[in-house]
Protein chains: 2
Amino acid sequence: MVRKSASGRIGIADVAAKAGVSHATVSRVMNGNFTVDPDIAARVRAAAAELKYQPNPVGRSLALGKTDTIGIVVPDLANPTFQAILRGLSRAAAQDGYRVLIADSFEVSSEEAILAGEARRRCDGLVLCAPRMTDAELEEIAPSLHPLVLINRTTATAGVPSLVVDYGQGVQDIAEHLVELGHTRLAFLAGPPRSASNGLRLQGLESFKAAHPDVEVIMLEGGSDFDTGHGAVDAVLDSGATGILAFNDLVAMGLMSGLHERGLDVPNDISVTGFDDIPFAKYTTPALTTAAVPITELGEQAWQQLRALIRKEQSDTPGSRYQPRLEVRASTGPAKAARSAVHG
Amino acid sequence: MVRKSASGRIGIADVAAKAGVSHATVSRVMNGNFTVDPDIAARVRAAAAELKYQPNPVGRSLALGKTDTIGIVVPDLANPTFQAILRGLSRAAAQDGYRVLIADSFEVSSEEAILAGEARRRCDGLVLCAPRMTDAELEEIAPSLHPLVLINRTTATAGVPSLVVDYGQGVQDIAEHLVELGHTRLAFLAGPPRSASNGLRLQGLESFKAAHPDVEVIMLEGGSDFDTGHGAVDAVLDSGATGILAFNDLVAMGLMSGLHERGLDVPNDISVTGFDDIPFAKYTTPALTTAAVPITELGEQAWQQLRALIRKEQSDTPGSRYQPRLEVRASTGPAKAARSAVHG
DNA sequence: CCGGCCTGAGAAAGCGTTTTCTCGGTTCGC
DNA sequence: GCGAACCGAGAAAACGCTTTCTCAGGCCGG
């Protein structure tokens with residue numbers, strides 16, 4: 001007969017009663033403490049099995065001071081990049097027996113700090129993914145969030161590893177590629193204003209402009225999704241640019257779709273590039289030229305760093321920098337005006 | 001001066017000491033219990049603010065017997081469908097102050113039951129998303145998982161709402177559409193064998209075949225991702241079918257990409273359809289004909305149902321059935337052989 | 001044969017909250 | 001003016017577990 005303590009669920013006390021031992025002994029057995037007489041241990045195990053006893057994780061957490069859970073806060077769960085990071089993180093953490101709690105800030109940066117704090121209190125560590133909050137805010141809360149790892153954002157706070165993708169270099173590589181194809185008038189379809197990675201791209205373009213005074217680079221406002229790209233067709237055409245650097249693959253795909261609807265041909269009329277190399281980029285028509293970011297790996301690395309912090313190991317690498325790799329596909333081609341020059 | 005109790009973090013005891021009251025009173029104030037003298041309450045609040053006190057959620061959870069967290073287990077976090085469900089669920093739950101814990105089973109069905117149990121114990125409720133486990137297993141564990149809501153799977157267990165998409169009807173609608181275009185030889189590129197939604201599609205096709213004895217339907221093995229579609233090009237061409245029903249949009253996109261590489265034209269040489277209407281489906285070239293599933297809504301509904309269960313409300317709708325909506329786009333066209341017939 | 005050591009298990013003290021119980025001090029009613 | 005109802009706040013129990021503390025009993029050596 002299964003007896004229950006006050007609450008509905010079976011607790012350690014029920015097992016102890018059934019096996020005729022104390023709570024303490026049951027706990028010892030369940031945790032593989034070998035200072036228990038084998039006979040008694042067997043009896044306890046039998047009782048536990050019969051009652052289908054499973055320790056209550058909340059009680060354990062309180063006693064042990066750890067939850068075996070980590071949190072991740074992302075600005076927008078709809079974004080494939082963050083999904084990929086989440087996936088990599090979740091996979092890696094699961095391998096070490098950790099679960100992940102997600103917090104989506106829906107791009108409202110004012111919520112981030114609160115969300116992060118709440119998540120952190122429930123978890124053993126936190127991954128802050130491309131936070132949109134200001135630097136000041138970040139510095140302010142970072143210490144209280146430890147163990148913390150940052151993705152695509154850096155901080156002066158000690159002990160906070162940062163994994164950042166070198167968007168600046170990536171965007172330069174892309175621009176360089178377009179210039180080699182003969183484009184002399186480029187346009188950058190920017191991302192969300194608060195996005196740090198957008199900032200890095202802008203910096204990269206500044207460097208590029210300094211190195212290529214002959215190339216014109218027009219800045220266009222934008223966003224981070226399909227519709228941004230789709231809605232930017234007019235602005236892009238007005239700019240007169242023949243090589244377009246979209247903020248990311250989504251924007252690029254939206255733009256290509258819009259251009260296609262206008263009867264324009266990519267890449268013969270206009271070259272389009274993306275960023276990230278999301279899985280779909282390979283399968284668009286034409287296949288998208290983009291800068292590949294090892295994004296799942298980023299999630300995995302985030303876990304490695306966080307684990308080191310949680311275990312208080314000396315983290316050998318306090319952070320790392322990821323270089324995007326240029327993926328030249330079919331969405332870029334020789335500039336229209338420069339075409340004969342190339343052939344000639 | 002900030003004093004800390006034994007542990008590093010600030011606890012209720014610290015606030016109590018600073019305000020010169022007992023823990024109990026602090027707790028009362030923090031929880032808006034109005035049986036506290038306003039002066040004392042103010043003093044407590046001041047102390048709490050000064051110490052930046054935030055209640056420890058684990059302690060709260062233990063005392064209250066709830067975690068304000070729900071769990072979701074999915075077979076594969078890389079799948080856009082599950083991502084969308086997660087997103088909808090997370091959004092809806094957040095609005096009610098709940099967080100979500102994710103568990104990815106990586107398509108290994110034997111892990112699902114354990115994962116589900118663990119997740120459930122940490123949470124106030126659980127969403128089981130298209131579980132791959134057997135019916136027997138599901139019936140076995142379902143009672144212990146309550147409050148539980150199922151997505152794309154049903155159970156005989158009482159009190160477990162099921163949200164299912166009518167894939168059977170959807171696939172019939174698609175087939176019907178192809179037949180109307182003059183196709184008489186169709187092929188179905190199946191999904192993962194253990195997928196219940198694949199089973200529903202197969203049932204739908206049986207109904208379809210019964211209603212259309214003149215139409216040939218060839219069954220092809222498959223999977224659920226891009227590469228499945230890309231790798232199925234040969235099998236598809238060998239089948240001689242002119243209308244292809246891919247398991248989902250991903251497979252369809254992979255297939256279209258493969259066909260394109262072979263120099264085949266969609267839809268002039270062959271018509272391709274997907275399923276789900278993921279955001280990308282609109283932007284492929286040609287845009288993909290598919291059956292739209294209100295997937296984000298599914299996640300939201302899952303939360304509504306789960307919330308009702310958690311609050312022990314009488315759930316008026318013990319589950320619901322979602323009808324896919326046929327989205328005719330450019331990837332389907334008149335059958336090659338039947339073309340002249342159509343025009344004539 | 002007795003004292004010290006060691007082993008193994010129960011008792012009890014946390015972990016950080018909430019909540020019931022209790023009780024001193026008012027206030028109200030008769 | 002005195003008992004009853006009441007109000008507000010502290011003490012203590014409870015939530016379910018881990019872990020230290022403690023102690024009984026068995027074993028060994030002297």
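First the proteins, then the strands, lettered A, B, ... as listed; each starts at 1.
In this structure, the CD1 atom of B/Ile40 is 16 Å from the P atom of D/dC7, given to the nearest Å. What separates CZ of A/Arg60 from P of C/dG16 is a distance of 17 Å, to the nearest Å. Rounded to a whole Å, the CG atom of B/Asn33 is 12 Å from the C1' atom of D/dC7. To the nearest angstrom, C1' of D/dA12 lies 10 Å from NE2 of B/His23. Atom CG of B/Leu62 and atom P of D/dT18 are 12 Å apart (whole Å). Between the CD1 atom of A/Ile12 and the P atom of D/dC17 there is a distance of 5 Å, given to the nearest Å. Look at CG on B/Leu64: it is 12 Å from P on D/dG16, rounded to the nearest Å. As a whole-Å value, the separation of A/Asp39 CG from C/dG8 P is 12 Å.
Checking the phosphate oxygens (OP1, OP2) of D/dT18, a side-chain nitrogen or oxygen of A/Asn31 falls inside 4.0 Å. Side-chain N/O atoms of A/Thr25 include one lying less than 4.0 angstrom from OP1 or OP2 on C/dG10. Within the 4.0 Å cut-off from OP1 or OP2 of C/dG16, not a single side-chain nitrogen or oxygen of B/Tyr53 is found. Between A/Thr35 and the phosphate of C/dT7, there is no side-chain N or O to OP1/OP2 separation shorter than 4.0 Å.
Residues B/Arg122 and A/Asn56 have side chains that never bring a donor and an acceptor to within less than 3.5 angstrom of each other. Donor-acceptor pairing under 3.5 Å is recorded for the side chains of A/Asp124 and A/Thr67. Between the side chains of B/Glu139 and B/Thr157, at least one donor-acceptor pair of N or O atoms lies under 3.5 Å.
Formation of a donor-acceptor pair under 3.5 Å by the B/Arg120 side chain with backbone atoms of B/His146 is found in this model.
At the heavy-atom level, A/Val58 lies nowhere under 4.0 Å from the strands shown.
Of the listed nucleotides (D/dG10, D/dA9, D/dG16), D/dG16 has the atom at the smallest distance from the side chain of A/Ala63. Closest approach to the A/Val36 side chain among C/dA9, C/dT19, C/dG10 is made by C/dA9 (side chain taken as heavy atoms from C-beta onward).
No donor-acceptor contact under 3.5 Å links the side chain of B/Arg28 to the base of D/dG8.
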>> B/Leu86 vs B/Leu77, test: side chain to side chain contact (heavy atoms under 4.5 Å, CB included). Steps then yes/no.
In response: CA-CA 9 Å; B/Leu86 169 61; B/Leu77 204 47; 4.0 Å; yes
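Where B/Gly20 and A/Ala24 each meet DNA chain D at their nearest nucleotide, the meeting point lying more 5' is that of B/Gly20.
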